[in-house]
Amino acid sequence: MYEAKKKKSGYEVFSPDMSFHPIKRLQLETDLHRAIQEGEFRVYYQPLVELAPNRISEVEALVRWEHPEHGLLYPAEFLSQAEETGLILEIDRFVLREASRQVREWQERHVSELPLMLSVNLSTKHFRSPNMVEEISQTLKETGLDPRTLKLEITESFAIEDVELTESILRKLKGQGITLVIDDFGTGYASLFNLKRLSVDCLKIDRSFTENLGHDPETKAVVRTIIEFARALGLRVTGEGIETAEQLAQLRELGCTWGQGYYFAHPLPGAAVSMLFAEAPADDSSGSGIRLDEQNRANSSKP
Ligand code: C2E
Ligand code: MG
Ligand code: MG
């Protein structure tokens, strides 16, 4: 009720962190401030794989918090409060800078012709902040990352919140050569018309679909439709949350050409991804990525 009143939305779906005691919330906020100042955030990278042959052509940057008392914290434990307090802006800026620097280094060291792409998640607050596009361009200049190798992920629901504003921001980003991705697709009820208008480049099918693929024929029909529709609009489709060979086979059968999930690799610290790249056989045929064969897939599955 308090959340709904605060956001003037009329209703809000309960999530466990809303039940946080006010003192705990205050503590978290204080901790978040300290974490930014002390540099306690880390960037983990999860490979995205171009299917058949399986090649790592991209990594998604995912934030983690190395809390001095509580250990490694995941976004679910702090992101909503970081959003509420606006501290998410600092976190997003840090992730973009650090990930751009790291991926630029990998591009130089490992992948030649068609370079490794970087995907970064953008919060609503960040996306709507003034000068966001200029700020991102500046970070790319400073880190040396080619804008054509950056993808920005926004969730479906927020992409359609204010289509006109989103459209104008997206147009500016595209003008810089940056690619746009709709994350968690299938959960936010975007209309086909809006997606076309927003000229996004890629959809990521939400994990909840992948999870139910094997045992629910209706889910399969929905995923088939999403893939066909994406193809008609010229969008690339990535299946999220692939955990089993069976889910991978199903997605492939439905025409999905990109995948991400624990089956291939967990999100890993930069050093672990460097090792994965160093161990992976180079792909001589096209130079367009790092092959992920059975051997290094198994090694990379450890978080
Ligand atoms: P997302 O962008 O949809 O990222 C994918 C999430 O799914 C990640 O959770 C990843 O660890 C998890 N995942 C990947 N493969 C599998 C799988 O096979 N099975 C299961 N069960 N999960 C899988 P994570 O890292 O906890 O991030 C959660 C969300 O937090 C992200 O969802 C994204 O929306 C947000 N987030 C993460 N990093 C950032 C950031 O730097 N900035 C912003 N604004 N949001 C971020
Ligand atoms: Mg994402
Ligand atoms: Mg997602």
Side-chain angles (χ1 to χ4, degrees), residues 15 17 32 35-36 40-49 56 58-66 72-100 102-103 117-129 132 136 139 150-159 179-188 200 202-214 226 237-248 251 258-270 272-273 297 300-303:
S15 74
D17 65 333
L32 277 168
I36 290 166
E40 293 170 9
F41 291 104
R42 302 285 174 265
V43 184
Y44 275 45
Y45 301 88
Q46 186 175 34
L48 266 82
V49 175
I56 304 174
E58 191 175 324
V59 287
E60 178 173 2
L62 295 159
V63 71
R64 301 287 182 262
W65 179 3
E66 233 172 66
L72 196 69
L73 299 183
Y74 288 77
E77 292 164 277
F78 59 88
L79 225 55
S80 62
Q81 191 151 0
E83 276 265 356
E84 261 177 50
T85 52
L87 292 170
I88 187 72
L89 283 169
E90 292 298 321
I91 299 176
D92 275 3
R93 284 187 189 120
F94 161 76
V95 171
L96 179 72
R97 177 172 296 276
E98 175 52 23
S100 299
Q102 174 65 82
V103 169
M117 302 282 294
L118 164 67
S119 256
V120 172
N121 296 284
L122 272 200
S123 65
T124 318
K125 276 231 167 78
H126 193 185
F127 189 73
R128 303 215 188 290
S129 66
M132 185 267 295
I136 290 181
T139 304
L150 177 67
K151 295 179 167 195
L152 295 178
E153 299 193 3
I154 55 173
T155 58
E156 186 188 10
S157 43
F158 118 62
T179 306
L180 300 150
V181 179
I182 300 282
D183 206 352
D184 307 339
F185 185 77
T187 57
V200 290
C202 174
L203 298 181
K204 291 178 104 178
I205 301 180
D206 191 61
R207 194 171 73 221
S208 54
F209 293 99
T210 309
E211 221 174 2
N212 294 320
L213 258 186
I226 294 176
V237 183
T238 302
E240 286 192 288
I242 303 174
E243 293 185 355
T244 66
E246 170 65 19
Q247 290 167 346
L248 172 62
L251 280 168
W258 289 75
Q260 179 178 8
Y262 297 166
Y263 176 75
F264 296 112
H266 280 257
L268 299 163
V273 178
R297 184 186 71 73
S300 66
S301 296
K302 293 166 205 137

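In each ligand, atom 1 is the first atom listed, and ligand 1 is the first ligand listed. FYI, the numbering just counts along the sequence from 1. Small disclaimer: the values here were computed from a predicted structure and weren't measured. All values below come from the heavy atoms of this structure, side chains included, with hydrogens, waters and symmetry mates left out.
Near S123, meaning under 4.0 Å from any of its heavy atoms, are these atoms of ligand 1: 44 (N). Which parts of ligand 1 touch D184 is read off a 4.0 Å heavy-atom cut-off, strictly below it: atoms 3 (O). The distance from ligand 1 to the heavy atoms of R64 drops below 4.0 Å at these ligand atoms: 11 (O), 24 (P), 25 (O).
With contacts defined as side-chain heavy-atom distances shorter than 4.5 Å, the pair V237/L251 does not qualify. Between I205 and W258, the closest side-chain pair of non-hydrogen atoms is not below 4.5 Å. Counting heavy atoms from C-beta outward, V95 and F41 have side chains that stay 4.5 Å or more apart. The shortest distance between side-chain heavy atoms of V200 and I154 does not fall below 4.5 Å. Here the side chains of V43 and F94 are in contact, with some heavy-atom distance below 4.5 Å. Side-chain atoms of Q247 and Y263, non-hydrogen and from C-beta on, never get closer than 4.5 Å to each other. Annotation: side chain of I242 is not in contact with side chain of V49 (no heavy-atom distance under 4.5 Å).
Among protein heavy atoms, the minimum distance from atom 1 (P) of ligand 1 is reached at D183 OD2, 3.6 Å. For atom 42 (N) of ligand 1, the closest non-hydrogen atom on the protein side is D92 OD1, 2.8 Å. For atom 18 (O) of ligand 1, the nearest protein heavy atom (residue, atom name, distance) is Y262 N, 2.8 Å. Protein heavy atom at the shortest distance from atom 35 (C) of ligand 1 is L79 CD2, 3.6 Å. The shortest contact between atom 11 (O) of ligand 1 and any protein heavy atom is with P267 CG, 3.3 Å. For atom 8 (C) of ligand 1, the closest non-hydrogen atom on the protein side is L62 CD1, 3.9 Å. Taking atom 6 (C) of ligand 1 as the reference point, the nearest protein heavy-atom neighbour is R207 NH1, 4.1 Å. Here the protein heavy atom with the shortest distance to atom 19 (N) of ligand 1 is E243 OE2, 2.5 Å.
The Mg ion (ligand 2) has an N, O or S atom of N121 under 2.8 Å away, backbone or side chain. Taking 2.8 Å as the threshold, D184 counts as a candidate ligand of the Mg ion (ligand 3), since one of its N, O or S atoms lies below it. Residue E240: an N/O/S atom is found under 2.8 Å from the Mg ion (ligand 3).
Taking a 4.0 Å cut-off on heavy atoms, A76 fails to register as neighbouring ligand 1. Taking 4.0 Å as the cut-off, H266 does not count as a neighbour of ligand 1 on heavy-atom distance. Residue contacts with ligand 1: H126 is excluded, as none of its non-hydrogen atoms falls under 4.0 Å.
Screening Q260, E60, E58, E240 for a side-chain hydrogen bond (donor to acceptor under 3.5 Å, both in side chains) involving Q46 leaves a single residue, Q260.
Closest N/O/S atom of D183 to the Mg ion (ligand 2): OD2. When you scan the N, O or S atoms of E60 for the one nearest the Mg ion (ligand 2), you land on OE2. E153 contributes OE1 as its N, O or S atom closest to the Mg ion (ligand 2).
For atom 32 (O) of ligand 1, the nearest protein heavy atom lies 4.0 Å away or farther.
With E90 contributing its side chain and L87 its backbone, the two residues share no donor-acceptor pair below 3.5 Å. Looking only at distances, no side-chain donor or acceptor of D183 sits under 3.5 Å from a matching main-chain atom of N121.
Considering all non-hydrogen atoms of both residues, V120 and A61 come closest at CG2-CB, 4.4 Å. Across I88 and K125, no two heavy atoms sit closer than the pair CG2-CB, 4.0 Å. Minimum interatomic distance between R64 and F78 (heavy atoms only, all atoms of both residues): C-CZ, 4.4 Å.
For the 3.5 Å distance criterion, the side chains of E153 and S119 qualify, holding a donor opposite an acceptor.
Rounding to the nearest 0.5 Å places OG1 of T179 at 8.5 Å from CG of L152.
For atom 41 (O) of ligand 1, the candidate residues are I242, T244, V43, V95; the nearest heavy-atom contact is made by V95. In the candidate list Q46, Q260, E240, Q46 is nearest to atom 15 (N) of ligand 1, counting heavy atoms. Atom 29 (C) of ligand 1 has its nearest heavy-atom neighbour, among G261, P75, G241, in P75.
Residue V63 places at least one N or O, backbone or side chain, under 3.5 Å from an N or O of ligand 1.
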